[in-house]
Amino acid sequence: MPSADCLIPLPVRFFKAVISKLKDGLAKTREVVFGGLKNLILGRKLDEQLINDVEVMLLQADVGVAATQKLIDSARADFKSGKLKESKDLLEHLKAGLRELLGGPQTELRTAPEGFKPTVILVTGINGAGKTTSIAKLTHMLKQQGLSVMLGACDTFRAGAVRQLEIWSERLSAEIVKGQQGGDPAAVAFDACKAAIARGVDVLVLDTAGRLHTQDPLMRQLGKIRSVVGKQIEGGPHETLLVLDATTGQNATRQAEEFGKVAGVTGIILAKLDGTAKGGVVVAVRAASSIPVKFVGVGERPEDLQPFDADAFVEAMFSE
Amino acid sequence: MFERLSEGFSSVLRKLSGNANLSESNVREAMTEVRAALLDADVSLEVVDAFCKNVIADAVGREVTKSLKPGEEMIGIVHDRLVQLLGEMPAIPEGASAQEAAQALMADGPGVIAVSPGPAIVMMCGLQGSGKTTTCGKLAAWLKKRGRSVMLVAADLQRPAAVEQLATVAQQVERDLPGGAAVTFYGEPEKSAEYGKAVGVAVGVCQRAVSAARAKGVDTVILDTAGRLHVNDDLMGELQQVKMAVRPHQIFLVTDAMTGQDAVKSAKAFHERLAVDGLILTKFDSDTRGGAALSVKSVTGAPIRFIGVGEKLDALEEFHAARIASRILGMGDVISLVQKAKEQVSEQEAAELEAKMAKGEMTMEDFLKQLRSLRRMGPLKSLLGLLPGIGSALKDVHIDDKQLDRVEGMVNSMTPGERKKPGDMAFSRRKRIAAGSGTKPEEVGGLTRQFATVSEMSRRMASMSAAQKVKAVKELSAQGGPTSMIPGLQGMPGFGAGKGTTATRSIKDRFKKRK
């Protein structure tokens, strides 16, 4: 049985394959917007109008007023000072700006210290963001790495939620700890921690009920789950992931802020990137907070989850 | 929600105040900020630009009506255009009294079609995670409350356990929610399969469900289809097949109110394939600025029929364009509040209570009853947010609904005699009540003192004009936290209606003056 520390090089191992996969996943997106962006830019002369048009496209990609302004203002200033001469320079300027906004070193999955297991991953988000499906994908990915995974069904609120995770656990052959519908989610988390220790699994993934970040009592409940986990497993939860729906607009920044504050979110999964949504909202989120994006969901199948890589993401945005 | 928009509009007001006229330059300048606010609220860019263009065209060069300041004039124009974007205003007869105008505005919205012979067939569709299944349950509860029987049909055979979820929801509505009609469930769980592997199976399920509903004489059938991406050809085709097979009377598109710029694209795609009859916006109780509402309405032209406003199965409201427009502009939404109150308190009860209050005979028992119906209306903060001018002030205030639990606990621990005349209680009594309710004797004392103030207040208020009442309530709420606010609110049924009509009138009056 491999120990949990082999989680660390996981994104590195995936790195090469990821770029092409991400391109696949973003194919539709690219054609609609960012592909269009590249064509728009490279086909034309660099002038004020071009910069205005780029601004419009960024806004339509949900990049948000603040982040768009930041990118466009610096482009405009560099254009005026003569630093940007051709439209190709503008493209490079934008790429660099986006890379800077999205990058950062903390994209690997956090794990329990070497020699300790299990690593506990707590998954949170608003209703309908795609938590359960993302957990299924994450489980698949971890199992591909040869790690043993246990699931904790802490969504005791939504009807059918436990059953939904249970069906995934059967398909992915991962053990699952369930609670009663309407029961205390923290109690399920407690049981799951105990079971994960007893069974010696590498990773425990906890599903939680969807909650709007404006519902104080439900947000406080997340704090309770965290403290229950922390008391059972030192340093746990080691990773708290916030699932964001890629079609969400600027409210995503509020979600990141609130979940970050109350639930101590350490990473973001950007789900549903396979539609026409541009996912540009992650730029807005990164511009407003320091929480790194760690994975992107690009389809319905268990294998449709990919580690996030800023360079690859930005390249995919602008590639042919 | 909508706070930022409200702030945007307030800044317009400020900018324009002091100017005698709406000039092109001051209007344009004001609209730059409105544009940024709308974009930040996720209204789609094309909608924003068209909106701003219309407002500017309406405003530039318009002579300000004598009685209005330019800022007010501008708000009037923006309000008009917002209402137009969101949907139609209900017809209010010419020369209607304030009471009649309020009645018209409070009338039921377009709701769900009723057909005879039944059943009315309603099909729900939307992206994954938009909230279709929960909304199906809420819609069933809404219909049940109006005496209409419902069959919920699980046509989502893709998402694991979706069938079980709907079955449970149907059971909850049938068991726990008020109304005089049956809510049943139809599902064929054995037909479920992995995503994309059961495409087309839903068609047969829906056909069999409709036959079953017809045989049972069900009033309305609601089809809960699987969430799908608008770019997935196979699955979108399946929806068209369902539509051809069962010919639904109404097709509702369920959209997450937090959706960004993509809302336009997905709504357009669903509308092109299915000709959507109505929109339901979910998660409206979040702090989203709700721009998606404007976008989807504008690209589909279909009316927004309902908004989802909470986790509970009765948290579905009919959508009223004029009210939302007023809310966006920070005018509050007193009508919704009055309507909520009406659903919980009968006219007779309200009249009786008012009479008691006027005589200063209100007891703790009445108070408890009021408190309970108030709590059935929803969380305190969301209720207070509906009041004009209070919404934005509440933004950062933390209102703890638990405080109400404590009040309820204290009253519950009183003897019938104490409830009738709380007055000055001996310490031993306060101690006993505190022990019974898990509070402190000081808190019990605080409650009885507040109660005395409020009953005195309400006795005096009975003889006040509407304007005096508002002033009095403001003073009262300035005195302390939420507990002192509750009694202030509890006279709402009688007192709120008066306030509601005046607020409505003033908006209507402004329109009339300008026209």
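No experiment lies behind these values; they were computed from the predicted model shown.
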Top of [options] for chain B proximity - count of heavy-atom pairs under 4.5 angstrom:
{"options": "A:Leu165, A:Thr133, A:Asn127", "result": "A:Asn127"}
{"options": "A:Arg163, A:Gln164, A:Gln69", "result": "A:Gln164"}
{"options": "A:Gly128, A:Ala284, A:Ala252", "result": "A:Gly128"}

So which part of [X] gets closer than 4.5 Å to some heavy atom of chain B, the side chain, the backbone, both or neither?
{"X": "A:Gln255", "result": "side chain"}
{"X": "A:Glu166", "result": "neither"}
{"X": "A:Val56", "result": "both"}
{"X": "A:Arg301", "result": "neither"}
{"X": "A:Leu218", "result": "side chain"}

Does [X] have more than 12 heavy atoms from other residues, nucleotides or ligands lying within 6.0 Å of its [atom1]?
{"X": "B:Lys191", "atom1": "NZ", "value": "yes"}
{"X": "A:Gln180", "atom1": "CD", "value": "no"}
{"X": "B:Lys312", "atom1": "NZ", "value": "no"}

_For the CG atom of B:Leu45 and the CG atom of A:Leu58, what is their distance to the nearest 0.5 Å?_
11.0 Å
*When rounded to the nearest 0.5 angstrom, what is the spacing between OG in B:Ser286 and CD in A:Gln215?*
9.5 Å
Any idea which heavy atoms bring [X] and [Y] closest together, and the distance?
{"X": "A:Gly160", "Y": "B:Ala161", "value": "O-CB, 3.4 Å"}
{"X": "A:Leu212", "Y": "B:Asp285", "value": "CD1-OD1, 3.3 Å"}
{"X": "A:Lys272", "Y": "B:Gln128", "value": "NZ-O, 2.7 Å"}
{"X": "A:Leu59", "Y": "B:Gln261", "value": "O-CG, 3.3 Å"}
{"X": "B:Asp42", "Y": "A:Asn251", "value": "OD2-N, 3.9 Å"}
{"X": "A:Ala159", "Y": "B:Thr168", "value": "CB-CB, 3.5 Å"}

_Do A:Arg171 and B:Pro160 make a side-chain contact, defined as non-hydrogen atoms from C-beta onward lying under 4.5 Å apart?_
yes
*asked:* Taking every non-hydrogen pair under 4.5 Å, which of B:Gln158, B:Glu164, B:Gln165 racks up the most with chain A?
replied: B:Gln165
*For chain A, which of B:Glu311, B:Arg159, B:Glu46, B:Gln172 has the most heavy-atom pairs under 4.5 Å?*
B:Glu311
_Derivation and outcome, side-chain contact (heavy atoms from CB on, under 4.5 Å), residues A:Asp245 and B:Met258_ = CA-CA 10 Å; A:Asp245 183 334; B:Met258 284 176 270; over 6 Å; no
